[in-house]
Amino acid sequence: MATQPLPAGAKPANAASASNIVRLPTAAPRKVKQNYNRAARAEREKVDRLPVRFMYPSQREAVRKVEILSGVEPSAAIELLVAICAALDAEARARVRAHLIPGVLNKRKTAEQAMVIVDTCRPTFGEQIDLDFALRLLNERAGKGTNNG
């Protein structure tokens, strides 16, 4: 006697024995519904979310730097400082930073601005991304938007 092939998607009558799956006698007949946290979930959905946007620490630092830079008035001295800092190597920039630290600790605005300029004149790839993010964020807050998508 030849057996006839089954239609597509059909299981043989003894499907449990045809596969490697063994039904345990202690298995639940269906998935158990766990309603114990339904009330807590409903309460959590009622609570408004905070209007604060999450930012990584490096992004918060970049926002602080961009805010300081936005307060710097353009002048020939600033252009000269940026050009000199861009030409310096890492060791020389570290020495410049060491000279600026006392002024920053005394909360002199000009020293903070100079320190930010020294820090941002040659950023790493990640720092550049964070600075771009901070600039976009501050432009959105000011209502200016951006034209580059």
Side-chain angles (χ1 to χ4, degrees), residues 3-75 78-79 81-83 85-86 88-91 93-94 96-149:
T3 59
Q4 294 185 4
L6 293 174
K11 295 182 181 179
N14 57 356
S17 64
S19 68
N20 294 339
I21 299 173
V22 177
R23 184 173 293 268
L24 297 174
T26 58
R30 58 185 172 80
K31 186 176 178 181
V32 178
K33 291 185 179 181
Q34 298 177 353
N35 296 326
Y36 64 89
N37 66 351
R38 183 175 289 171
R41 196 173 340 143
E43 288 297 319
R44 204 170 39 240
E45 289 172 359
K46 290 179 187 175
V47 175
D48 290 333
R49 299 217 183 266
L50 293 175
V52 178
R53 183 177 187 174
F54 173 79
M55 288 191 293
Y56 290 101
S58 62
Q59 291 173 331
R60 286 193 296 271
E61 179 65 18
V63 168
R64 185 191 69 80
K65 287 178 180 180
V66 169
E67 286 173 343
I68 290 173
L69 286 176
S70 66
V72 175
E73 292 296 323
S75 68
I78 297 299
E79 290 291 328
L81 176 62
V82 170
C85 288
L88 295 177
D89 62 343
E91 184 180 321
R93 277 197 318 277
V96 170
R97 290 186 86 231
H99 287 289
L100 292 172
I101 286 175
V104 172
L105 292 177
N106 288 326
K107 304 238 185 258
R108 282 197 337 252
K109 185 177 177 181
T110 54
E112 287 179 351
Q113 291 173 343
M115 181 69 85
V116 170
I117 290 171
V118 169
D119 287 344
T120 59
C121 67
R122 291 181 67 182
T124 63
F125 182 75
E127 290 170 342
Q128 184 63 51
I129 289 175
D130 289 339
L131 289 170
D132 291 343
F133 168 80
L135 188 58
R136 279 194 315 272
L137 182 67
L138 291 179
N139 283 339
E140 288 173 8
R141 288 180 184 170
K144 295 177 184 176
T146 58
N147 292 333
N148 42 339

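Below, all heavy atoms of this structure are taken into account, side chains as well, without hydrogens, waters or symmetry copies.
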Quick one: closest heavy-atom pair of [X] and [Y], and the distance?
| X | Y | result |
| --- | --- | --- |
| E127 | T124 | OE1-N, 2.9 Å |
| V66 | A134 | CG2-CB, 3.8 Å |
| A111 | G103 | CB-C, 3.5 Å |
| C85 | R93 | O-CD, 3.7 Å |
| Q128 | P123 | OE1-CG, 3.1 Å |

Pair E112 + K109: basic N to acidic O under 4.0 Å:
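Looking at E112 and K109, the cut-off is not met.
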
Could you go step by step and tell me if R97 and D119 meet the side-chain contact (heavy atoms from CB on, under 4.5 Å) rule?
CA-CA 8 Å; R97 290 186 86 231; D119 287 344; 2.7 Å; yes

Report the C-alpha separation of I78 and E73 in whole Å, then their side-chain angles, then the decisive distance to 0.1 Å, and conclude whether the side-chain contact (heavy atoms from CB on, under 4.5 Å) test is met.
CA-CA 8 Å; I78 297 299; E73 292 296 323; over 6 Å; no

How long is the gap from [atom1] on [X] to [atom2] on [Y], to the nearest 0.5 Å?
| X | Y | atom1 | atom2 | result |
| --- | --- | --- | --- | --- |
| L131 | T120 | CG | OG1 | 6.5 Å |
| D130 | R60 | CG | CZ | 11.0 Å |
| Q59 | L137 | CD | CG | 9.0 Å |

Quick one, I101 and M115 - any side-chain contact, counting heavy atoms below 4.5 Å?
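I101 reaches M115 side chain to side chain.
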
Heavy-atom donor-acceptor pair, R122 side chain to L88 backbone, under 3.5 Å
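Yes: the side chain of R122 pairs with the backbone of L88.
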
Quick one: list whatever passes side chain to side chain donor-acceptor pair (under 3.5 Å) with E67, sequence neighbours left out.
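With neighbours one apart ignored, the set is empty.
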
